[in-house]
Amino acid sequence: MTVRTRFAPSPTGYLHIGGVRTALFCWLYARRTQGTFVLRIEDTDRERSTPESIEAILKGMAWMELTADEGPFYQTDRMNRYREVIDDLIERNLAYRCYCTREEIEAEREAQRARGEKPRYNRRCRNLTSSREGIEPVIRFKNPIEGSVVWDDAVKGRIVISNDELDDLIIARSDGSPTYNFCVVVDDLDMEITHVIRGDDHVNNTPRQINILRALGGESPVYAHVPMILGSDGQRLSKRHGAVSVLEYEAMGILPEAMRNYLVRLGWSHGDQEIFSDEEMIALFDIFDVNRAPSNFDLEKLLWLNQHYIKECESSRLQRLLEQQLVSMNIDANTGPSLQDVVEALRERARTIVEMAEKSLYFFNDFDDYDENAAKKHLRPVAREMLADVRNRLAALGDWQPEALHAEVVATAEDHEAKLGKLAQPIRVAVSGTAATPSIDVTLALVGRDKTLARLDRAIGYIDERVAQNP
RNA sequence: GCUCCCUUCGUCUAGUGGUUAGGACGCUGGCCUCUCACGCCGGUAACAGGGGUUCGAAUCCCCUAGGGAGCGCCA
């Protein structure tokens, strides 16, 4: 039997990080078993489903490079099929029309809660023979009254739930439209899904679905309920933990392979290994090895992995990503050094693409002000003569390359009997506005001759002004 | 309230009756060094609590506590 997994999000919001991990697990397991991964959009809730959400899901999946072998399928395209199954269920007396009003049901629920009971439909209409005038009935599934439902969950282990915990759930609304718990079962059956991998918020739905499945004569798939991902404080993931939507991580400058690696290690591991290539993940991942406990999302670790992958990233791709980022920051990447050189200088110094772009701004545009502390510490009168000297030497330099620049800076420092740092730091601040840049020779090479000389002049002027103000 | 699920360093985790409880992120001391970063070496820190079972429990059982999920004409 070949494995078939599915990812079945509902398009009622963005694609969040927990959903993406579920999708990753589905995808990995299908790849690993040489099975099929299908994408299905559960859009039976017409009130809340939006085209924007569908768009966000598709974009998120594409960014994560989790390509479906089949689909996307849309439940709204399958309404006739659901109708057909519902009619069949009614015909076979496995489902029935319920004429209870919302008010009646709500009142009953209140009463049950007041009595400390679990609110459940009281099956008043289960054996009704007549209809009620003026009420469009809903359709309810006749859940078994006796016995219990048992399944061996691939991550949770054996779960047993007694049928008397379950009531006769609505499978079609009064307008005739089918509901979620029913549609999933029909879909998974029709699509021959062998492994249902989903969030563990569905555990409680599973026994109902199994009962419907049996009524339909289907075989149980393997269920794997993966625990939730919580925020860094152990609470449900929400806006205040930062980004929730996967697309926000793309915008943040996270690499998809870093996200995949981070997410696969949340709830799953292979000994002490932290770094997994796609090939390794596919070869090693097994849904049966996933942890039962929920885990907390830790941005710091994601960032660490991202930096790792930035260091490994192929130059041309990094250049492309950096350029996109610069463009989005309204910077013309043609006004500065080659992106290839920038990327090499910064790939060990940036945890995200956005950070890389921010650290390369002064290669392209002049900065407004010096970093206050940096200027205070390094742009001082003692450095003035050395700066003036190095400015003139550099102006005369024919070969504006790191090697020659390095030699010139070193020679200047020696002439002034200063350690290299005493000169390098003032230059660094002069040229970048900050006290932290790549090595001074590389920095000067990247900033370029014209900007370097102009900025050294500016720094010298700044020192003079400072002296004038505080004689 | 009821049902189900979960519980090893701050975080992600290894561990399946005998380990100095290991690794990673973070934090931190040092080395390297023109700054930052990278890299390297070292440190910090955990079995939720209580009962059993056993010669011996992080590992097995029970209870308690804490956390989560569900109880919709949402998915």
Side-chain angles (χ1 to χ4, degrees), chain A residues 8-12 42-45 47-49 75 98 102 105-106 109 112-121 136-140 153 156-157 159-162 164-167 169-175 177-181 183-184 199-207 225 227-228 230 232-236 262 265-275 291-305 307 311 345-351 359 374 378 406 409-410 413 419-429 432 434-441 443:
Chain A
S10 61
T12 53
E42 312 226 314
D43 55 353
T44 47
D45 183 355
E47 309 264 303
R48 299 195 303 153
S49 296
Q75 291 187 321
C98 168
R102 294 173 197 252
I105 288 169
E106 191 43 46
R109 270 202 277 262
Q112 288 168 326
R113 262 192 252 268
R115 271 179 265 138
E117 291 169 17
K118 179 174 179 172
R120 270 168 292 191
Y121 174 60
E136 276 305 320
V138 298
I139 311 297
R140 289 186 185 270
D153 199 277
K156 304 270 182 189
I159 297 180
V160 181
I161 293 181
S162 170
D164 55 38
E165 292 298 329
L166 274 23
D167 62 4
L169 83 164
I170 293 174
I171 57 178
R173 305 179 179 93
S174 42
D175 67 1
S177 63
T179 60
Y180 166 75
N181 276 298
C183 295
V184 222
D200 72 359
D201 47 334
H202 289 284
V203 172
N204 295 283
N205 291 325
T206 304
H225 289 99
M228 305 195 57
L230 307 171
S232 46
D233 54 0
Q235 297 299 114
R236 199 181 183 131
Y262 177 70
R265 282 285 289 102
L266 232 43
W268 176 83
S269 63
H270 183 255
D272 286 341
Q273 191 171 343
E274 294 288 349
I275 306 292
N291 271 169
R292 319 153 164 324
S295 40
N296 294 24
F297 189 84
D298 181 17
L299 183 62
E300 288 301 323
K301 188 157 183 181
L302 204 213
L303 257 14
W304 172 73
L305 276 164
Q307 180 174 45
K311 284 189 285 187
L346 258 25
R347 71 193 312 160
E348 288 186 347
R349 279 167 248 260
R351 298 200 295 176
K359 287 184 175 178
H378 301 295
H406 187 256
V409 174
V410 168
K419 283 188 173 179
L420 181 54
K422 292 291 178 196
L423 176 57
Q425 280 307 83
I427 296 178
R428 184 142 24 223
V429 178
S432 75
T434 72
T437 77
S439 66
I440 199 66
D441 47 358
T443 302

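The chains referred to below are lettered A, B, ... by the order of the sequence lines, with proteins before strands, and numbering in each begins at 1. On a predicted model such as this, the values are computed, not experimentally measured, just so you know.
Shown here are the ring pair (Phe, Tyr, Trp, His ring centres under 6.0 Å) partners of A:His406, two or more places apart in sequence or in another chain: there are none. In this structure A:Ser49 satisfies the side chain to side chain contact (heavy atoms under 4.5 Å, CB included) test together with A:Pro11, A:Thr12, A:Asp43, A:Asp45, sequence neighbours excluded. Take A:Glu106 and apply the side chain to side chain contact (heavy atoms under 4.5 Å, CB included) test, not counting sequence neighbours, and it matches A:Arg109, A:Glu110. Under the side chain to side chain contact (heavy atoms under 4.5 Å, CB included) criterion, A:Asn204 pairs with no residue, sequence neighbours left out. Applying the ring pair (Phe, Tyr, Trp, His ring centres under 6.0 Å) rule to A:Tyr121 yields no partners; only residues at least two apart in sequence or on another chain are considered. A:Lys118 is linked by a side chain to side chain donor-acceptor pair (under 3.5 Å) to A:Glu165, counting only residues two or more places apart in sequence or in another chain. In this structure A:Ser295 satisfies the side chain to side chain donor-acceptor pair (under 3.5 Å) test with no other residue, sequence neighbours excluded. Remark: A:Asn296 pairs with no residue by the side chain to side chain donor-acceptor pair (under 3.5 Å) rule, at least two apart or across chains.
When heavy atoms are screened at a 4.0 angstrom cut-off, A:His202 is found touching base atoms of the nucleic acid. Looking at heavy-atom distances under 4.0 Å, A:Thr44 makes contact with sugar-phosphate atoms alone, never a base. As judged by a 4.0 angstrom heavy-atom cut-off over every strand, A:Asp175 is placed among residues making no nucleic acid contact.
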For nucleotides 24-27 of chain B, list the nitrogen or oxygen atoms of the protein found under 3.5 Å from its nitrogen or oxygen atoms, one pair per line.
{"unit_1": "B:A24", "atom_1": "O4'", "unit_2": "A:Glu274", "atom_2": "OE2", "d": "3.3"}
{"unit_1": "B:C25", "atom_1": "OP1", "unit_2": "A:Trp304", "atom_2": "NE1", "d": "3.4"}
{"unit_1": "B:C25", "atom_1": "O2'", "unit_2": "A:Lys301", "atom_2": "N", "d": "3.4"}

Just the atom pairs and distances: protein N or O near nucleotides 28-34 of chain B's N or O, under 3.5 Å.
{"unit_1": "B:C34", "atom_1": "O2'", "unit_2": "A:Arg428", "atom_2": "NH2", "d": "3.4"}
{"unit_1": "B:C34", "atom_1": "O2", "unit_2": "A:Arg428", "atom_2": "NH1", "d": "3.4"}
{"unit_1": "B:C34", "atom_1": "O2", "unit_2": "A:Arg428", "atom_2": "NH2", "d": "2.4"}
{"unit_1": "B:C34", "atom_1": "N3", "unit_2": "A:Ile440", "atom_2": "N", "d": "3.1"}

Interface polar pairs with nucleotides 5-9 of chain B, N/O, under 3.5 angstrom:
{"unit_1": "B:C5", "atom_1": "O2'", "unit_2": "A:Lys156", "atom_2": "NZ", "d": "2.9"}

Under a 4.0 Å heavy-atom criterion, the protein footprint on nucleotides 42-47 of chain B, written with B, S and -, is ------

